[in-house]
Every structure is written in C-alpha cells, then in structure tokens.
Protein chains: 4
Amino acid sequence: MAPDERRIQLLAASREVFGQRGYHGTSISHIVTAAGVARGTFYNYFPSKRAVFQAVLDDIMEQVEGAVHPMDPTRDIAAQVRENLERLILTLSAREDLPRLLFGEALGIDEEGDDALRGFYATALHRIEHALILGQQFGVVHSGDPVLWSRCLLGLLKEPAFQASLHNETLDAHALVEAIFAFLARGVLAGPAPSNV
Amino acid sequence: MAPDERRIQLLAASREVFGQRGYHGTSISHIVTAAGVARGTFYNYFPSKRAVFQAVLDDIMEQVEGAVHPMDPTRDIAAQVRENLERLILTLSAREDLPRLLFGEALGIDEEGDDALRGFYATALHRIEHALILGQQFGVVHSGDPVLWSRCLLGLLKEPAFQASLHNETLDAHALVEAIFAFLARGVLAGPAPSNV
Amino acid sequence: MAPDERRIQLLAASREVFGQRGYHGTSISHIVTAAGVARGTFYNYFPSKRAVFQAVLDDIMEQVEGAVHPMDPTRDIAAQVRENLERLILTLSAREDLPRLLFGEALGIDEEGDDALRGFYATALHRIEHALILGQQFGVVHSGDPVLWSRCLLGLLKEPAFQASLHNETLDAHALVEAIFAFLARGVLAGPAPSNV
Amino acid sequence: MAPDERRIQLLAASREVFGQRGYHGTSISHIVTAAGVARGTFYNYFPSKRAVFQAVLDDIMEQVEGAVHPMDPTRDIAAQVRENLERLILTLSAREDLPRLLFGEALGIDEEGDDALRGFYATALHRIEHALILGQQFGVVHSGDPVLWSRCLLGLLKEPAFQASLHNETLDAHALVEAIFAFLARGVLAGPAPSNV
DNA sequence: AATGAATGAGTTTTCATTCAT
DNA sequence: AATGAATGAAAACTCATTCAT
C-alpha cells in the first residue's frame, strides 16, 4: 500500500476509535486492530499516540474551518452569514464523532494540545469579532464589546450542538439556524416596551 | 484529625489537583502529596480515584445550582433573573478550577459520570425552559422551541465562561450580564427595519 | 469484658471467618467486624493475623486429638477402635468449618505453620502405627510397613471427610465407620479364593 | 522466541514458583524473574495471575488423568488396575511440586477454581465407582456404597502421596501399590475368625 | 483496655513505545 | 515497509500493622 494511503487509513481508523472511546479510552491496540495493521506499522506513520490524535483534531478543525466561506461583499451579507451557519451546523452534525472529539476530548491532553485548541477557537472568534466590528461600523450591529459578544455568539451555536451530541440526537440544522437568527435579530424578549428603536 | 475534616481536606486537595492537571493527568500520588497524607489514608475516605472525582464534581454542581435562587413572583422578574445570572457568573468565576472541571473534564470519564453530567445539564436546561414557557404565556417572550432556545441561552452564558477559563482570564461578571441581557432584549442586529414591535 | 472472654470471643470470630473465607480471603477487618470490636483491640490479644490463625488451628487440632481416647487394654480392642473412629468422624463433621481449615487452609501459610501441621499428622500417624505394630505382634494385623499403612488408613478416614466438605455434604458417621471397618476386616475384593486364613 | 515456546517457558517457570512458594506466596515478580522476562511479557501470554495458575493446574490434572489408561476387557483386569495405579503413583511422585499444587494449593483460590478441582475429583471418583459397581456385578467386589467406597479408595492412594510430599520424601511406588493391593484384597485385619467366606 | 485514624510497602495490571527480524 | 514480541515505567488499589488518644 502506498504510504499516503496507509497514513489516511490509519488516520481514519484512529478518528473512528477516538470518536467512540475517547482519547484516554483508546489504546494503540484499538487503533491497529481497527486499521488491520501490525503494532509497529502504526509507529512508522505516527511518532506517538499524542501525534495521531493531534492529526485527527487538525483534520477536524480544518474541516470545520472549511465550512465557513469567505464573505463576498457584493452579495447579501445576511444571506451569506446564514449560509455559513448552515454549512457549519451541517458539518458539526455530519459525523457523530466530531462533537465528542472537538468539544469533549480536545481539551486537557497536554499543554500543546490546549494551545492548538485555543488557536482554533481564536481563529473562529476573530472571524466573528471581525464581522461584528464591521457590522457596528455599518450600523447594522448594536454597539458592545466585540470580544465578549463573539464568545456569546459562539456559545449560541456550540451549546445546542454539544447538547445534541450529549443526548445522541441529530441536530436539526435548519431549526437551529432559524433560532440563532431570531436571537440575532431581536433577542428573546418581546413585550410592551422594548423600545430599541 | 476528625474524619469529617480529613474528608474535606482530601476533597479540597483533589479538586485542586484535578483542576490543575485534569482527571487523567492526576494520579493518587498527586492527591496524597497535595494533601500531605499517606497513600492508604486516601483510600480510607474514598474508594477510588473515580469516586473522589465524582465527589468533587457533585460539590461543584451543588455550588452552581445553589447560585440560582428560586424566583419570588411578587418581585420584579427581570431583576431576579439578572441577579441569578450575576450570582451564577460570580460562582463560575470565583474559583478558576471550576470551569475546567465542569466544562473540560466532566465529560468522558465513564458512562456513569456522563449520566451525572447529563443530569446536571438537564436540571439547568429545564429551569430555563420553564422560564421561557412562562414568559411565552405572559407574552414577554417570543414564540419558539423552548428546548432549543434553552440550549442557546445556556451557551450564551457558558461559552464566555469557558473561553475566559481557557485563557486564564477572570470573567467580568457585570459586563457579561449586560451583554446577555442585551442579547435577550433585542439581539445584536440593529437596523433600519427590525420591526419587532 | 474480662481478657479471657475477649480472647475467646476473638478466637471464635476468627474461626468463623477463616472457615468461611479461608486464610487469605480473611482480613483483620473481617475479624474485628465479626467480633464487634475495634481494629486495635484485636492487636491487644493477638500479635498478628498469622498468630490468630495458628491459635484457631491449635484449637482444632486439640479438639480432633481429644476425640481419640486412650485404649483400655482390659476392654475389647476392636470396640474401642470403633468408638474412637466414630468420635473422630463426629468431631470432623460437627463443625462445618473444620474440614476446610484443617484440610484446605492449614498448609502453605508459612514454614512454621507447615511444621505445626506436620506435628499434628505425626501425632495421629504415630498412634495408628503404634496400634498396627501392636496388632502385628498379637497376630491380629497382617504384616506390612506400619508407616505406609498408617498413612493409608489415615487416607481412608480423611478423604471421605474431605470430599464431603468439598460438596457441602454432611458426613454419615455410622456409614463411614462401617465402610472403614469392612475395609480393615477384609478389603474390598471378594472372590473365589481370597484364602486369607 | 516463538510464542509457543515462550508460553511453555512461562508456564514452566510459573509451575516452579507456585510449587515452591504456593499461590499466595507467589507474585508476578517471582514468576517473571524466574522466567527471565520483563513484567509486561508475562501479561502478553496470560491475562492474570489467576489464569496462569489455572493453566498450571490444568496441565497437572491432564497429566494425572493421562496416567490412567482405559481398561482392555480382554486382558487381566487386576493387572491393569495395578499398572494404572503404578503409573498414577509414578506420576504423582515424578515431580515434587505436583502434590503440593494439587493437594495443597488447588483449593480455595476462588469459586471457579474450586469448581475445576471438584470436576477433577469427580472424574477420578466416577472411574473408581464405575469399577466398583462392575466388580460388584461380577461378584469380585463386596457389596457396599460405591460412592463412599470410591472416596475411601482415593484416600488410600492420595494420603500416602500427600504425606510423602509433606516430608519431602520420594514415594516408593512399588511398595505403595503392594500395600494398596493388600488392603483391597484382604484388609489389614487377620485373625482367628475373619469368617468372610 | 479500647479505639480507629493513619501508615506505606507491596501487589496486580496496563500500555505506549522499541527494535530485531 | 511491515511485523509483533518484548519492554518497563507507572498506575490504582489492598491491608497488616502501629500508635496517639
């Protein structure tokens, strides 16, 4: 088998078992059994358990980041945000191992891994911040701390995804996008005198 | 030393080390060294590593749940929600180990632990759902799926807390409450035609 | 409680648990729980786990040895042998813990314990040897190696007792005595020409 | 080294150490030191201490059972019984660790082990019973309870073997066979009036 | 004499990693 | 490149024994 294929095969098997058993519940034996190769072969492709896990996570992060397309200023912004959100949610719910790996296992392996995770969140949050700041400049977003707000917005998306995975539910992407948009547009409180005009 | 004190001391030491090194990074040696007792003493108070960790989590969950006071219908509801939110955030940020333990380590130890965590979230989410449903009946909350919305609202609170802990920042409780309230009241999108009257 | 009573109480509790769980399956906790005393109290009466077990065994051996009465040369020898056998078997089956302790647990704790057991068997075997030699002198016992024969005779008694305890059966003392006597008197083989005159 | 060889080597080393120190006196360290392998190597071949011990015992039981050959009805029965007895005794005395393991250590490890031992004895006793019943039908064995008698006969063989191992003596197979046969044929009691004609 | 909290050496077992074939 | 036997450090847990109260 070509080296690249073997690597991909090992990566896939690793993701599979890491997703099912978690990082600490997975042993190299699990991985090589799942991949159908010998123990030593694994170490020809990855220097350590830690390293495959990072490779798996990198894949996932790349996948998630790839779901978000750059904005085209000539098209309707709101529509593009909505599309991005939809793609993001679909990506999150497309593979059931993803939420567990990203939200449950990614944190706490070691300092280096935490850094990688922080990097991932930093990228995501910067994009949101950037959008917020732009929106504020154009007057379509209320004023407020973009850092804090971006975290709140991330939570709006992440928590439903996390809860769904916690209960082995599949995420209704459309419903979630609608809900998030409703939040963004007017909050949850209706009432006699919101007076936010 | 009296058994009760010793138990508390061991629990405190365990929480300390679990908070710093995570569940899997912590060994019984770490705990007993931190507590300054012999290895066997630990097992006089807790039957297993798993068990202390659960005790630590139970403490945390109790603490977090205790921060939310029951509503008094004769007083201003919005004010009470705000107070509860403030207390909750203060609790979450009062001890730096709390977010890591609750958001980063609680998941994935074993099935039983996951159940406990699901129970904790279920309690929290039910409260939020209940409040939403009540609000919808009184016409002060927009209509929408209370289950999904409660998860979104939880994320609004949890993610900023999580991100702060990820960066070792201290949470500005007041700012976060304000931000959340702003979200609740009107969302983030301003604009020519919010038309939510 | 008087020291003697306490010692007896502890000894009884120890025999109880040793009989149920075996030497290695028994911990000091089991003993003190069964006796209803504190851990330290135990060590006021016995210097070690090893020591109580030896005391228990000594009791048992004494009991077993006490079941065999010295022979009265003025009375019928065969009848006395039969009586002793009966008493012995009754003793062996009177307490269900006895066979397990004597046959299953007594051997292999340590060298000292093995010596004690060897001493016990030596005493028993010497008595049988003595009787055999006497019998041979009087012409009522066939000629043959008394050492080997005494071991065979011991097996004739011990194995049925052991097997009964292995299957939690109660030993039928009378039937066993009859069987042993039949063996002694004529063996098992009948036939055209036993010619044992 | 080939897996089969290694397994055999570990089994041999285990049998050696178990035979010398007993089950509870043996630690995995003793075994791996005796075998000259690393600690982990042991666990590549046996899942637990309990499991090697059972494997050792299984070997022994197989060996002992293998010493008894099926009877050929066309040949002299008595001679075949004598040959089987001789082989059995030779087997029992060929390796000095065998009696200790089979008679002293096999009982009391755990319920499963006890079952295995009961099974071993059941097989042996059933064979003896079967022979007795056949003998009774042909009129060459006196009438009497075959179950009880088979246990007595087992004792006749086992106890001399056990006592010999207890004193580190080597068993004189021929003398023992003669003694047992003498027992079988006419018992020990001679005398004026056996009157078993 | 009684208590029971504390001790720590010792045990079994796991598993990431190495390396000769 | 692939194999899989071997390694050994490290972990969780037990329990006989001690000793201050």
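All of these numbers come straight from a predicted model, not from anything done at the bench. Per chain, numbering begins at 1; letters A, B, ... match sequence-line order.
- One side chain, D/S29 or D/R39, offers a donor N or O that lies under 3.5 Å from an acceptor on the other.
- Residue A/Y45 places none of its side-chain N or O atoms closer than 4.0 Å to OP1 or OP2 of F/dA1.
- Residues A/L117 and A/M61 form a side-chain contact, since some pair of their non-hydrogen atoms from C-beta on lies under 4.5 Å apart.
- Contact of the C/Y43 side chain with the C/I28 side chain is registered, since non-hydrogen atoms from C-beta on lie closer than 4.5 Å.
- Paired runs in DNA chain E that reach 3 or more consecutive Watson-Crick or G-U pairs, where each pair keeps both distances under 3.5 Å, cover E:2-21 with F:2-21.
- Contact check of residues 1-14 of chain B against DNA chain F (heavy atom, cut-off under 4.0 Å) returns no residues at all.
- Note: A/H24 and B/H24 have parallel aromatic rings, judged against thresholds of 30 and 60 degrees for the angle between ring planes.
- Defined by atom type and a distance below 3.5 Å, a donor-acceptor pair is present between the side-chain atoms of B/Q54 and B/D58.
- The pair A/E16-A/R21 fails the salt-bridge criterion, with no side-chain N (NZ, NE, NH1 or NH2) lying under 4.0 Å from an Asp/Glu carboxylate O.
- In this structure, CD1 of C/I31 is placed 17 Å from P of E/dG4, rounded to the nearest angstrom.
- Listed by first then second residue, pairs satisfying salt bridge (Lys or Arg N to Asp or Glu O under 4.0 Å) with a partner in residues 42-52 of chain B read B/R50-B/D110, not counting sequence neighbours.
- Remark: B/R118 engages B/D115 in a salt bridge, criterion side-chain N to carboxylate O under 4.0 Å.
- For the pair A/F46 CZ and E/dA16 C1', the computed distance is 16 Å after rounding to whole Å.
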Tabulate below the donor-acceptor pairs under 3.5 Å that side-chain atoms of residues 95-106 of chain B make, not counting sequence neighbours, or state none.
unit_1, atom_1, unit_2, atom_2, d
B/R95, NH2, B/D97, OD2, 3.0
B/D97, OD2, B/R15, NE, 3.4
B/R100, NE, B/E105, OE2, 3.4
B/R100, NH1, B/Q20, O, 3.2
B/R100, NH2, B/E105, OE2, 2.9
B/E105, OE1, B/Y23, N, 2.9

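- Each of A/G36 and D/G36 was matched to the nucleotide of DNA chain F holding its nearest heavy atom; the match closer to the 5' end belongs to A/G36.
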Going 5' to 3' along nucleotides 14-21 of chain F, which nucleotides have protein heavy atoms under 4.0 Å from the base (write B), which only from the sugar-phosphate (write S), and which from neither (write -)? BBBBB---
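- Looking at residues two or more places apart in sequence or on another chain, you find no ring pair (Phe, Tyr, Trp, His ring centres under 6.0 Å) involving A/H30.
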